[in-house]
Amino acid sequence: MINRSYIIAGFVAVAASLWVLSGQWAEQDSAAQATNAADTPSKQQARAVRVVTIAARPWQRRVVIRGQTAASRMVEVRAETAGLIDAVPVKEGTVIKAGDVIARIAPAERTASLAEASALLRQRQVELRAAEALAKKGFRSDTQLAEAKAQFDAARARIVQIETDIARTTITAPFDGILESRHVELGDYLKVGDKVAKLVDLNPVLVVGDVSEREIQGLKKDMVARATLVDGARVEGTIRFIGSVADPVTRTFRIEVAVLNPETRIRDGLTSQMEIPIETRPAHFLTPALLTLDPAGRIGVKGLDRDDQVVFYPVRILADGIGGIWVDGLPQSLRIISVGQEFVRAGQKVEPVADTGGPSS
């Protein structure tokens, strides 16, 4: 027969084991309840976020080109005859008109040569008349008459040649412009082809730059363009030239915008930035602080639907602006989360609070 003390000891051991196990079960139940409570979102109160209503506005797409100003015409005036300079009536930097005298070469022996040629022409004219009279009476052959005519024509051509050479001694401006530089002084001797002066035409003045091959298709001649100069001045003109052949190195095309410059205040070689409007379309203007990323890495903004649920809207950045950026891909009008967008997720219901001082479009 089993000793009674053994039985009692067995019951005590079983009871102790059950007591220990009951404590572990209680801890597991408490941990499970705590986990379930953490995993289950609170249904008592939705998270509050600040929202602002934005609407689309007209946005003008522009082609922006960096370039510089340039004279519409620039020539080196050169001597067409040789001789000594005896007059330089125009100073450098002077605004001159077409036909104004830049420099004058001394006529020297040209005047005497003209007098001699004129006398010879009169002689040849008398000889020709006599030959014609004799030819009518049969005392001169056709060959002799033709020779007399040739001598007369040669004498007349010689006079034209000398008169042209005398006219070239007066060097004039070929067009209205500014005498940028003068290469001669009194007493200088010029040969044919020597430089006399540089003349530039700054009205109109050109704003030139290079357009990428992606943007060239949207440009046309006579389109309006605006330019900001290095000193902050803003001017407006029209496209007068678009290159047809790309630069083999940069793959860009030359473009020229003509700007009226009647007072020649805009100089050649100033750094400038051109803006050429291409099209107008609706877009939204936002501060960059409103942008966020979705789990897929897409850039966009978080807004609310009619039921105050969070919606992620992917956007495409169109251009930078003063104080913000232009984007498209959004509805015409929507409520956007201005504060708290990083603490909510798409599909979550929130409590919207009007943000009267937040960023807006």
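- The closest donor-acceptor contact from the side chain of Gln144 to the backbone of Ser141 lies under 3.5 Å.
- Relative to the six-membered ring of Phe175, Arg73 meets both conditions, a distance below 6.0 Å and an angle of at most 45° to the axis.
- Using a cutoff of 4.0 Å between basic side-chain nitrogens and carboxylate oxygens, Arg124 and Glu127 are scored as salt-bridged.
- Each of Lys191, Arg168, Arg110 was checked for a side chain to side chain donor-acceptor pair (under 3.5 Å) with Thr81, and the lone residue meeting it is Arg110.
- Residues Thr292 and Phe312 approach most closely at CG2-CE1, 3.9 Å, considering heavy atoms.
- Counting heavy atoms from C-beta on, the side chains of Thr172 and Asp100 never come closer than 4.5 Å.
- A salt bridge is absent between Arg226 and Glu275; no separation between the charged side-chain nitrogens and carboxylate oxygens falls under 4.0 Å.
- Sparse packing is recorded around NZ of Lys149, with 12 or fewer heavy atoms of other residues, nucleotides or ligands lying under 6.0 Å away.
- With rounding to the nearest 0.5 Å, the separation of CG in Asp231 from CZ in Arg267 is 10.5 Å.
- Going from atom OG of Ser118 over to atom CD1 of Ile159 covers 4.0 Å, rounded to the nearest 0.5 Å.
- Cluster annotation: Val200 is connected to Val235 through the hydrophobic network of ILVMFWY side chains, with a link wherever side-chain heavy atoms come within less than 4.5 Å.
- The shortest non-hydrogen separation linking Ala87 to Pro89 is C-CD, 3.7 Å.
- Residues Arg57 and Trp326 form a side-chain contact, since some pair of their non-hydrogen atoms from C-beta on lies under 4.5 Å apart.
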Next item on the list: Show your reasoning for whether side chain to side chain donor-acceptor pair (under 3.5 Å) applies to Arg158 and Ser113.
Entry: CA-CA 10 Å; Arg158 176 59 179 165; Ser113 298; 4.8 Å; no

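- Thr94 and Val90 make their closest contact through CB-CG1, 3.7 Å (heavy atoms, listed as atom of the first residue, atom of the second, distance).
- With rounding to the nearest 0.5 angstrom, the CD1 atom of Ile178 is 12.5 Å from the CD atom of Glu92.
- Nearest approach of Val75 to Pro174, heavy atoms of both residues: CG2-CG, 4.2 Å.
- Linking Ile, Leu, Val, Met, Phe, Trp and Tyr residues whenever their side-chain heavy atoms come within less than 4.5 Å places Val211 and Val259 in a single cluster.
- The shortest side-chain heavy-atom distance between Met274 and Ile255 falls under the 4.5 Å cut-off.
- In this structure the side chain of Ile278 reaches within 4.5 angstrom of the side chain of Leu219, judged on heavy atoms.
- The shortest distance between side-chain heavy atoms of Arg240 and Leu206 falls below 4.5 Å.
- Atom OH of Tyr189 sits about 11.0 Å away from atom CD1 of Ile85, to the nearest 0.5 Å.
- Between Asp308 and Arg335 a salt bridge is recorded (basic side-chain N to carboxylate O distance below 4.0 Å).
- Hydrophobic clustering (ILVMFWY, side-chain heavy atoms < 4.5 Å, transitive): Val52 and Leu304 are in distinct clusters.
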Next item on the list: Report the C-alpha distance between Asp268 and Thr69 in whole Å, list the side-chain angles of each, state the deciding distance to 0.1 Å, and finish with yes or no for side chain to side chain donor-acceptor pair (under 3.5 Å).
Entry: CA-CA 5 Å; Asp268 177 280; Thr69 59; 5.8 Å; no

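- Cluster membership check: Leu291 does not share its hydrophobic cluster with Val49, using side-chain heavy-atom separations under 4.5 Å among Ile, Leu, Val, Met, Phe, Trp and Tyr.
- Between the side chain of Lys302 and the backbone N or O of Tyr313, no donor-acceptor pair lies under 3.5 Å.
- Remark: Arg254 engages Glu256 in a salt bridge, criterion side-chain N to carboxylate O under 4.0 Å.
- Going from atom CD of Gln125 over to atom CZ of Phe152 covers 5.0 Å, rounded to the nearest 0.5 Å.
- Listed for the Asp305 side chain is a donor-acceptor partner under 3.5 Å among the backbone atoms of Asp307.
- Atom CD1 of Ile336 sits about 4.5 Å away from atom CD1 of Ile54, to the nearest 0.5 Å.
- Leu120 places a side-chain heavy atom less than 4.5 Å from the side chain of Gln123.
- Residues Asp86 and Ala106 come closest through the heavy atom pair OD2-CA, 3.6 Å.
- Considering all non-hydrogen atoms of both residues, Ala197 and Ile102 come closest at CB-CG2, 3.9 Å.
- Residues Ile162 and Ile171 do not share a hydrophobic cluster, clusters being chains of Ile/Leu/Val/Met/Phe/Trp/Tyr side chains in contact below 4.5 Å.
- The closest donor-acceptor contact from the side chain of Lys198 to the backbone of Ser181 lies at 3.5 Å or more, if one exists at all.
- A side-chain donor-acceptor contact under 3.5 Å links Arg182 to the backbone of Val184.
- At least one side-chain heavy atom of Ser338 sits under 4.5 Å from a side-chain heavy atom of Leu290.
- Here Arg316 pairs with Asp328 in a salt bridge; the nearest charged N to carboxylate O distance falls below 4.0 Å.
- Leu318 has its side chain out of reach of Arg61: every pair of non-hydrogen atoms, C-beta onward, lies at least 4.5 Å apart.
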Checklist line | Stepwise side chain to side chain donor-acceptor pair (under 3.5 Å) check, Thr238 with Asp222 | finding: CA-CA 5 Å; Thr238 56; Asp222 299 324; 5.0 Å; no

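- For His284 (side chain) and Ile325 (main-chain N/O), no donor-acceptor pair under 3.5 Å exists by modelled atom type.
- Remark: side-chain polar atoms of Asn261 are paired, donor with acceptor, to backbone N or O of Arg265 under 3.5 angstrom.
- Between the side chains of Glu213 and Thr252, no donor-acceptor pair is found at a separation under 3.5 Å.
- Here the side chain of Asp176 pairs a donor or acceptor atom with the backbone of Ala98 at under 3.5 angstrom.
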